[in-house]
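Data first, discussion second: the structure below is written as structure tokens.
We name chains A, B, ... by the order of the sequence lines, and we start the count at 1 in each one. The figures that follow rest on heavy atoms only: side chains count, while hydrogens, waters and symmetry mates do not. Quick caveat: nothing in here was measured; it's all calculated off a predicted structure.
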Protein chains: 2
Amino acid sequence: MAKSFVTSVEVAQRAGVSRSAVSRTFTEGASVSPEVRRKVLKAAQELGYRVNRLAQGLNNASSNLVGVVGANLSLPFIAKQLDMLSLGLLRRGQQCLLLNAADARSDIAPLIELIFEFRARAIVVLSGEPPASIVDECLANGVKLIVINRLLERSDTDVILSDDILGATLAARRLTDARCRKVAVVTSGSGTPTQIRRAEAFGRIMKDDGIDVVGWHDGPTTYETGLKAARELLADPAIDGAFCVTDLMALGFLDAARHEMGRSVPDDLSVIGFDDIPQASWKSYELTTIAQSFEVLTEAVLAALDHADGQSVIQNVPVTLVERQTVRR
Amino acid sequence: MAKSFVTSVEVAQRAGVSRSAVSRTFTEGASVSPEVRRKVLKAAQELGYRVNRLAQGLNNASSNLVGVVGANLSLPFIAKQLDMLSLGLLRRGQQCLLLNAADARSDIAPLIELIFEFRARAIVVLSGEPPASIVDECLANGVKLIVINRLLERSDTDVILSDDILGATLAARRLTDARCRKVAVVTSGSGTPTQIRRAEAFGRIMKDDGIDVVGWHDGPTTYETGLKAARELLADPAIDGAFCVTDLMALGFLDAARHEMGRSVPDDLSVIGFDDIPQASWKSYELTTIAQSFEVLTEAVLAALDHADGQSVIQNVPVTLVERQTVRR
DNA sequence: ATGAAAGCGCTAACAA
DNA sequence: TTGTTAGCGCTTTCAT
């Protein structure tokens, strides 16, 4: 790499001022005369000067990078979150350092360590759970840690949670209203806290209502897993309702139910999902589901970025029932 | 931010060595005795030392960040690319600085400038087209520029292109085999080169075959646009085939065709898409489509990262016809 | 193999 | 308002 970027000294020379003057023209709210500012800007322009954020960050002992770690970035639910988050960060003048965790089970500690090395101010964890040692390190170094849909057993981290209990309640109530007699609750085999919370709350309520519920869990959180669940569960003709804890699985479940198991939805089978991903509203599905607002979720994350150190918060993202066509009326 | 990270001096002191020794233990292939190395590692471990990549980068006049700019990160096709790319970068020991361009039409120049400021070695453009001035700046500063599915009119940039012409040819041939008499070609209103290339090549071939083709373009590249296209185009009962230049639009097209326009696919309407996004294989669609291999695409990008400066390449990503259920046999 | 010292490009404290 | 100076934390000659 023979060639390299123009530095502030070169700009200063060309403009006939000191390097501080250059620095100041590029610093919000520093005192420079309009005259000097103009000269600097002109020189910078001509030379193609770009502030070196590495050097800048070295001074402040922090970059304005925000580390984002997540897995399965192509799943609709995650992709949507990432899309909105990266956009929001950019609008706030922060940059997004993206680390892909390969899969949900993998250890995210090494990725977070990488983020430390870039002196990011904050870390957002979209999937996976940071080990306690990492949380401590964040605290010790003044790095804000924001975890989504994972309830850590400590009070020093910002946690953004979808309101799983309310969601499960809405789903249960809706299936009860549909006069279901025996319902399945479908989770993946990944055992994420969110899925477990949804499934357990749902099961509890249904049992209280005296409705038979059969649990099912296996495989990754994918469309194909939904397919498999339906193939296995719907062998039992008594099952007339299903709560799939993510839309992606619900969509697979629906497809196998209709196209392979000969079920008519919602006439002899009611299905309800969770998340309200874009595909849920596609005409072939019209999935009745529990919606989490991506806007609210993103806003909560961005707001958490501004919280003072140590002032951490558990925030519930509200959910609502979106009535479409997969539950009997 | 009162607290701050441990520095190499502190590690050096604790280990009873010089800072150079510390630097060397953390530098690949530097000469340190096992003895010193051990001491340094121990001290670093105890102190929770993290190399400061900002300072590191300041020295080398470059970070090992790779800038990635893209729009609509939640669209399946983009999300998939980003997922694989970020994973690949991480495996190569590079980090992904993600800049979200809000929408496909927006100017990506400011985002790329941001990437310059972080002294990234390379920039990958997933959507949008960098202006010539930016390309020049990349060249001048030794920054590798890799553009996907955009053919720039210059030979000094790496360009990765799906083989649109072949894809269009395969689609045309398939629709001809299905004995279609009048076919629609659906593009969005965004006018991206890829879409135009696909549509034009397709139209040319069909006309050569003496088959009626009607073009349609409007709106963003979304599912909803596909819906709209079908509603408008299928008012004409003579249309018995459609080539949608992206799967997402094809899926919308299919849904409106079946659920709103009363068409039976593939019996009285054949539909073919492009990209082979995950949803194309869902049971409700079973979309026949032209597949681009995401693996090959990603590999091509990663390989381009290694190209020597100035040695730029236009690489075609091969495509294949994936036969499913939406074209008459 | 190791340490001392210089310097990467910038900002902030201090003087003028 | 401006310039001078001293680091920020690291790597890298250059001696030893």
Side-chain angles (χ1 to χ4, degrees), chain A residues 1-41 43-44 47-65 116-121 141-142, chain B residues 1-41 43-44 47-65 116-121 141-142:
Chain A
M1 207 125 322
K3 29 244 182 132
S4 86
F5 283 86
V6 173
T7 75
S8 66
V9 215
E10 302 174 55
V11 176
Q13 280 168 352
R14 178 160 193 130
V17 298
S18 73
R19 3 167 133 145
S20 323
V22 177
S23 173
R24 283 194 268 257
T25 45
F26 290 100
T27 303
E28 198 71 18
S31 64
V32 225
S33 67
E35 172 61 9
V36 170
R37 168 178 222 90
R38 203 188 42 72
K39 283 196 294 190
V40 170
L41 253 22
L47 261 27
Y49 170 70
R50 304 281 169 213
V51 176
N52 185 333
R53 300 238 180 190
L54 270 36
Q56 214 171 44
L58 186 53
N59 265 322
N60 327 324
S62 91
S63 60
N64 54 355
L65 291 171
F116 284 146
E117 298 182 1
F118 279 98
R119 299 299 187 260
R121 279 191 208 296
N141 295 297
Chain B
M1 208 125 319
K3 31 246 181 126
S4 87
F5 284 86
V6 173
T7 75
S8 67
V9 213
E10 302 174 54
V11 176
Q13 281 167 351
R14 177 159 194 132
V17 298
S18 72
R19 357 157 142 176
S20 321
V22 177
S23 174
R24 284 193 266 258
T25 40
F26 288 101
T27 303
E28 199 71 20
S31 66
V32 224
S33 66
E35 172 61 8
V36 170
R37 168 177 222 92
R38 203 188 43 72
K39 282 196 295 189
V40 170
L41 253 22
L47 260 28
Y49 171 70
R50 305 281 169 215
V51 176
N52 185 333
R53 299 240 180 187
L54 269 38
Q56 213 172 45
L58 185 53
N59 266 322
N60 327 324
S62 91
S63 60
N64 54 356
L65 291 172
F116 285 145
E117 298 181 1
F118 279 98
R119 298 299 188 260
R121 278 192 208 296
N141 296 297

Base, sugar-phosphate alone, or nothing: which one does A/A21 contact when heavy atoms must sit under 4.0 Å apart?
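Sugar-phosphate, backbone atoms only, no base.
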Under 4.0 Å, counting only non-hydrogen atoms across every strand here, what does A/F26 touch: a base, just sugar-phosphate, or nothing?
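A/F26: no heavy atom of the nucleic acid under 4.0 Å.
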Protein-nucleic acid N or O pairs under 3.5 Å, nucleotides 4-6 of chain C:
| from | atom 1 | to | atom 2 | distance (Å) |
| --- | --- | --- | --- | --- |
| C/dA4 | N6 | B/S20 | OG | 3.0 |

Looking at five pairs on each end of the helix from C/dA1-D/dT16 to C/dA16-D/dT1, what is the angle between the two axes, given to 10 degrees?
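The end-segment axes of the helix from C/dA1-D/dT16 to C/dA16-D/dT1 are tilted 30° relative to each other.
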Nearest-Å distance for atom pair [atom1]/[atom2], residues [X] and [N]:
X: A/R50; N: C/dC10; atom1: CZ; atom2: P; value: 13 Å
X: A/N59; N: C/dA13; atom1: CG; atom2: P; value: 10 Å
X: A/F5; N: C/dC10; atom1: CZ; atom2: P; value: 11 Å
X: B/L58; N: C/dG9; atom1: CG; atom2: C1'; value: 5 Å

Under the side-chain contact (heavy atoms from CB on, under 4.5 Å) rule, collect the residues that match up with A/E10, sequence neighbours excluded.
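Residues passing side-chain contact (heavy atoms from CB on, under 4.5 Å) with A/E10: A/V6, A/T7, A/L47.
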side-chain hydrogen bond (donor to acceptor under 3.5 Å, both in side chains) with B/R19: which residues, sequence neighbours excluded?
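With neighbours one apart ignored, the set is empty.
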In chain order, what residues pass the side-chain hydrogen bond (donor to acceptor under 3.5 Å, both in side chains) check against A/R24, with sequence neighbours excluded?
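Partners of A/R24 by the side-chain hydrogen bond (donor to acceptor under 3.5 Å, both in side chains) criterion come out as none, since no residue qualifies.
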Which atom pairs, donor and acceptor, lie under 3.5 Å between side-chain atoms of residues 27-39 of chain B and protein residues at least two apart or in another chain?
| from | atom 1 | to | atom 2 | distance (Å) |
| --- | --- | --- | --- | --- |
| B/T27 | OG1 | B/S23 | O | 2.7 |
| B/S33 | OG | B/V36 | N | 3.2 |
| B/R37 | NH2 | B/T25 | O | 3.3 |

Rounded distance (nearest 0.5 Å) linking atom CZ of B/F118 with atom OG of A/S63:
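OG of A/S63 is found 6.0 Å from CZ of B/F118.
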Range on DNA chain D touched by chain A, heavy atoms, distance below 4.0 Å:
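Both ends considered, the range comes out as D/dT1 to D/dG9.
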Which residues in residues 6-17 of chain A have a heavy atom closer than 4.0 Å to any atom of DNA chain C?
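Per residue number, the list reads A/T7, A/S8.
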Using a cut-off of strictly less than 4.0 Å between a heavy atom of the residue and any atom of DNA chain D, enumerate the qualifying residues of residues 31-41 of chain A by number.
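Listed by number, they are A/S31, A/V32, A/S33, A/V36.
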For residues 49-60 of chain B, which side-chain N or O atoms pair as donor and acceptor with protein atoms under 3.5 Å away, sequence neighbours left out?
| from | atom 1 | to | atom 2 | distance (Å) |
| --- | --- | --- | --- | --- |
| B/R50 | NE | A/E137 | OE2 | 2.6 |
| B/R50 | NH2 | A/E137 | OE1 | 2.9 |
| B/R50 | NH2 | A/E137 | OE2 | 3.0 |
| B/N52 | OD1 | B/L54 | N | 2.8 |
| B/N52 | OD1 | B/A55 | N | 3.3 |
| B/R53 | NE | A/E117 | OE1 | 2.7 |
| B/R53 | NH1 | B/N64 | OD1 | 3.4 |
| B/R53 | NH2 | A/E117 | OE1 | 2.9 |
| B/N60 | ND2 | B/Q56 | O | 3.2 |

